[in-house]
Amino acid sequence: MNKQLRLRAAVLCIAGLVLTGADPVLAKPAGSGKSISKSDSVITFVDEEPRKGVTITKSGTQGNTSAPAHNESTDPAQADTDSGASGDSGTVNDVNISAGEPDSVPDTQPDSAADEVNINISSGSDSVDIEADNLLENENSLTTEINVEVPASVHIDPNARINKGVYADDIDISGLTYKEAQSRIEDYIAKLRETPIELTSINDRVTTVSAGDLGVKWSNSDILIEAIGLGKTGNVIARYKANKDLEVEHKVYDINVTADKAYVRNVVQAESDACGSDAKDATMTREGGVFHITEGQEGFGIDVDQSVDSVMSIMDNWNKESVSIELVSGMIQPKGTAADLEKVKDLLGHFSTSFSSSGKERSGNVRNGTKLVNGRLLYPGEQLSVYECVSPFTEENGYFLAGSYANGLVVESLGGGICQVSSTLYNAVIRAELQVDERYNHSMIVSYVDMSADAAISGTSKDFKFTNNMETPIYIEGYTTDDKQVVFNIYGVENRPSNRTISFQSVELEKKEPEGEKVVADPSAPVGEIHVQSAHTGYRGEYWKIIKVDGVETERVQINKSTYQAVPKTASVGTAADNPEITAAVKAAIATGSIEACKSTINQLKNAAAGVPMMPLIPGLDPAAVPVMPETPAAPEAAPEAPAEPAPEPAAEAAPEGE
């Protein structure tokens with residue numbers, strides 16, 4: 001899924017080629033393999049030939065479009081370090097755009113020319129990580145085009161402020177930091193979700209829902225990346241021109257919103273059920289090892305699929321006001337016949353994994369997710385999205401809080417463990433040799449499948465999708481056993497030669513041990529609360545399909561290529577306290593980057609609260625003013641480190657956005 005990055009620049013220096021906003025000279029950089037064109041003041045760079053190494057750098061030195069790209073770290077801790085070193089202290093707006101090794105990209109594009117992009121806008125040693133999946137939604141927001149994949153990370157100085165005269169819709173975001181502007185816009189989106197939406201259907205029936213019921217969300221958060229850098233990127237002339245333009249005319253960014261298809265389908269299906277219909281598709285179920293087929297029949301009712309498409313189309317262009325949407329209705333023809341489904345009896349693909357070491361909550365999520373996928377019937381050409389099958393991740397939909405991956409940490413989220421469901425299904429799908437449309441690896445390694453054999457689910461940013469590319473229907477059977485096995489079987493009509501077999505092999509390309517340790521502040525947790533998670537080894541691997549005919553290998557096909565982050569031992573330390581001096585003491589310990597220093601500081605604070613004499617942690621701190629410290633909760637169980645080692649509680653990537 002290629003996405004395009006555009007970056008506004010009045011002056012862009014690349015390998016000695018100077019392009020100015022005033023009548024730029026257009027040329028082709030020697031040896032770059034790139035063509036450059038100008039149209040309406042938009043400079044476009046398009047690879048004429050696919051390249052793995054493409055680096056464009058602007059940080060006081062000229063970039064080299066022909067030199068191999070440097071390898072950017074995918075480790076969040078390392079990324080923070082790199083971002084702090086990317087500019088002179090106090091100088092805002094070093095920008096780094098690079099194409100490097102792939103992290104996690106859809107399997108449909110294994111040969112993409114550029115798989116990783118980093119943007120760095122900083123003025124000191126600190127930075128704010130912006131999730132990659134929140135970027136590049138608005139194709140009209142920037143004006144330099146480079147063919148790249150989804151960026152790995154963006155780092156922004158948390159103290160950098162948006163220049164005067166910048167708006168998002170009617171919201172004045174002048175003078176705000178990235179986080180402040182983000183919060184203000186999210187408050188605006190929360191208000192939008194209360195907007196009433198009317199759905200009209202059969203017999204002039206009108207149902208009012210809210211935009212929030214349709215899963216409305218902010219879809220172009222990348223505008224803040226441009227807004228924070230407006231007037232701060234480029235050379236002195238470029239910055240001066242951008243700021244003078246703001247004095248003449250405000251810069252107004254459009255806030256784009258879109259609905260969530262899974263939410264829309266739930267609403268439309270509920271409306272269809274309420275209206276009723278005698279139209280029925282031919283269906284089948286499998287119970288006790290026996291298929292049961294029900295013949296379909298035509299009838300009048302709401303066409304759910306077309307209505308969902310209609311609602312999505314309208315909401316994609318929504319004017320953010322109350323609107324009336326007419327659902328599609330009419331004579332509905334059933335899909336398939338009993339004769340078609342009677343042919344579905346051959347086992348095309350099978351796979352199972354164990355969740356025997358999982359606790360009650362995670363086990364409940366695995367069982368619930370499997371149940372929600374079970375019984376799906378796909379006719380030829382139909383696509384299945386695992387996210388749409390198993391969402392929303394709510395208690396009402398049967399989910400519990402359990403471990404998930406988010407930003408290099410194991411966190412508690414509703415639906416933790418759902419990735420074991422999607423990963424098990426993925427392995428059954430590739431054994432049935434169905435068409436894989438979208439698959440992503442986890443940010444960190446998991447233990448329940450081999451390296452590169454996983455398929456992560458993370459909100460709407462990571463999904464596992466596949467299409468029935470056969471000429472006959474397929475039936476998906478999923479179930480869990482008493483001994484904690486999750487099983488998926490795919491049934492259809494077998495037409496592959498009986499003397500042809502397939503097997504799969506995971507190949508480790510690189511292993512990266514994490515270095516040092518990392519300490520992060522958690523302002524939502526009280527002082528005294530500390531969670532320590534073990535380190536995660538990083539890997540880079542491939543997954544191959546091996547085809548044999550009459551026992552002789554005839555073909556070897558690469559299925560995917562996956563990169564897993566190396567994450568050091570990490571401690572999350574609470575900093576919330578009524579006494580600002582207490583918070584300052586803990587933050588000072590965090591700044592050392594030492595987990596033991598943080599533990600020591602917390603122990604001293606606890607001793608002070610208990611009346612034990614102590615030296616002041618910071619000048620002027622009165623030990624008598626130290627409040628009673630809460631007991632430190634047990635640290636959450638760490639995610640597995642390597643596939644070969646059994647994990648006590650394998651974590652999965654679920655509802656949290658990003659990794």
**OP:** Kindly check if the number of other-residue, nucleotide or ligand heavy atoms within 6.0 Å of CD (E553) is above 12?
**Re:** yes
**OP:** Would you indicate whether K371, at its atom NZ, is surrounded by more than 12 heavy atoms from other residues, nucleotides or ligands within a distance under 6.0 Å?
**Re:** no
Verify whether one side chain among [X] and [Y] offers a donor that lies under 3.5 Å from an acceptor in the other.
| X | Y | answer |
| --- | --- | --- |
| T207 | E271 | yes |
| E542 | S452 | no |
| T481 | D483 | yes |
| D437 | T467 | yes |
| S363 | K484 | yes |
| W218 | N220 | yes |

Find out whether [X] and [Y] are in side-chain contact, i.e. whether some heavy atom of one side chain is under 4.5 Å from a heavy atom of the other.
| X | Y | answer |
| --- | --- | --- |
| V311 | L327 | yes |
| Y564 | S562 | yes |
| V323 | I325 | yes |
| V308 | V267 | no |
| F466 | L425 | yes |
| K261 | D309 | yes |
| D303 | S329 | no |
| Y539 | L509 | no |

Shortest non-hydrogen contact from [X] toward [Y]:
| X | Y | result |
| --- | --- | --- |
| I202 | I302 | CD1-N, 3.9 Å |
| S219 | V257 | OG-N, 3.7 Å |
| N397 | N368 | O-ND2, 2.9 Å |
| V386 | S422 | CG1-CB, 4.0 Å |
| P392 | Y399 | O-CE1, 3.5 Å |
| V373 | C389 | CG2-CB, 4.1 Å |

To the nearest 0.5 Å, what is the distance between [atom1] ([X]) and [atom2] ([Y])?
| X | Y | atom1 | atom2 | value |
| --- | --- | --- | --- | --- |
| M284 | E342 | CE | CD | 9.0 Å |
| S498 | D550 | OG | CG | 8.5 Å |
| E295 | D281 | CD | CG | 10.5 Å |
| D305 | Q269 | CG | CD | 9.0 Å |
| N256 | D316 | CG | CG | 9.5 Å |
| L401 | R362 | CG | CZ | 14.0 Å |

**OP:** State which residues pass side-chain hydrogen bond (donor to acceptor under 3.5 Å, both in side chains) with N374; sequence neighbours excluded, sorted by chain then number.
**Re:** none
**OP:** Using side-chain hydrogen bond (donor to acceptor under 3.5 Å, both in side chains) as the criterion, list what pairs up with T480, not counting sequence neighbours.
**Re:** R367
Subject >> Under-4.0 Å salt bridge between D213 and R193 >> reply: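 Salt bridge absent between D213 and R193.
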Original post:
Is a salt bridge present between R500 and E433, judged by a nitrogen-to-oxygen distance below 4.0 Å?
Top reply: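 Salt bridge present between R500 and E433.
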Is the side chain of [X] donor-acceptor paired with the backbone N or O of [Y] at a distance under 3.5 Å, no angle test?
| X | Y | answer |
| --- | --- | --- |
| N365 | G416 | yes |
| N266 | A270 | no |
| S313 | S310 | no |
| S354 | S356 | yes |
| D346 | E494 | yes |
| N468 | L434 | no |

**OP:** Please name all residues satisfying side chain to side chain contact (heavy atoms under 4.5 Å, CB included) with E287, sequence neighbours left out, ordered by chain then number.
**Re:**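 Only T285, H292 meet the side chain to side chain contact (heavy atoms under 4.5 Å, CB included) criterion with E287.
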Subject >> side-chain contact (heavy atoms from CB on, under 4.5 Å) partner of S423, chosen from D454, N441, T353 >> reply: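 Exactly one pass, corresponding to D454.
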Subject >> Test side-chain contact (heavy atoms from CB on, under 4.5 Å) applied to V344 and I474, step by step >> reply: CA-CA 7 Å; V344 179; I474 60 169; 5.9 Å; no
**OP:** Kindly determine whether L341 and L377 satisfy side-chain contact (heavy atoms from CB on, under 4.5 Å), including the steps that lead there.
**Re:** CA-CA 10 Å; L341 300 186; L377 181 66; 3.9 Å; yes
Original post:
I559 and W544: side-chain contact (heavy atoms from CB on, under 4.5 Å), yes or no, with the steps?
Top reply: CA-CA 5 Å; I559 297 298; W544 291 79; 5.9 Å; no
Subject >> Set of residues satisfying salt bridge (Lys or Arg N to Asp or Glu O under 4.0 Å) with respect to D340, sequence neighbours excluded >> reply: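 Counting only residues at least two positions away or on another chain, D340 forms no salt bridge (Lys or Arg N to Asp or Glu O under 4.0 Å).
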**OP:** State which residues pass salt bridge (Lys or Arg N to Asp or Glu O under 4.0 Å) with E382; sequence neighbours excluded, sorted by chain then number.
**Re:**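 Partners of E382 under the salt bridge (Lys or Arg N to Asp or Glu O under 4.0 Å) test: K335.
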Do [X] and [Y] have their ring centres less than 6.0 Å from each other?
| X | Y | value |
| --- | --- | --- |
| F464 | Y426 | yes |
| F291 | Y475 | yes |
| F351 | F488 | no |

**OP:** Using the salt bridge (Lys or Arg N to Asp or Glu O under 4.0 Å) rule, collect all pairs that involve residues 465-480, keeping only residues at least two apart or in two chains.
**Re:**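 Listed by first then second residue: R286-E477, E438-K465.
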Original post:
Does the side-chain contact (heavy atoms from CB on, under 4.5 Å) test come out yes or no for I293 and T283, once each step is laid out?
Top reply: CA-CA 6 Å; I293 298 172; T283 60; over 6 Å; no
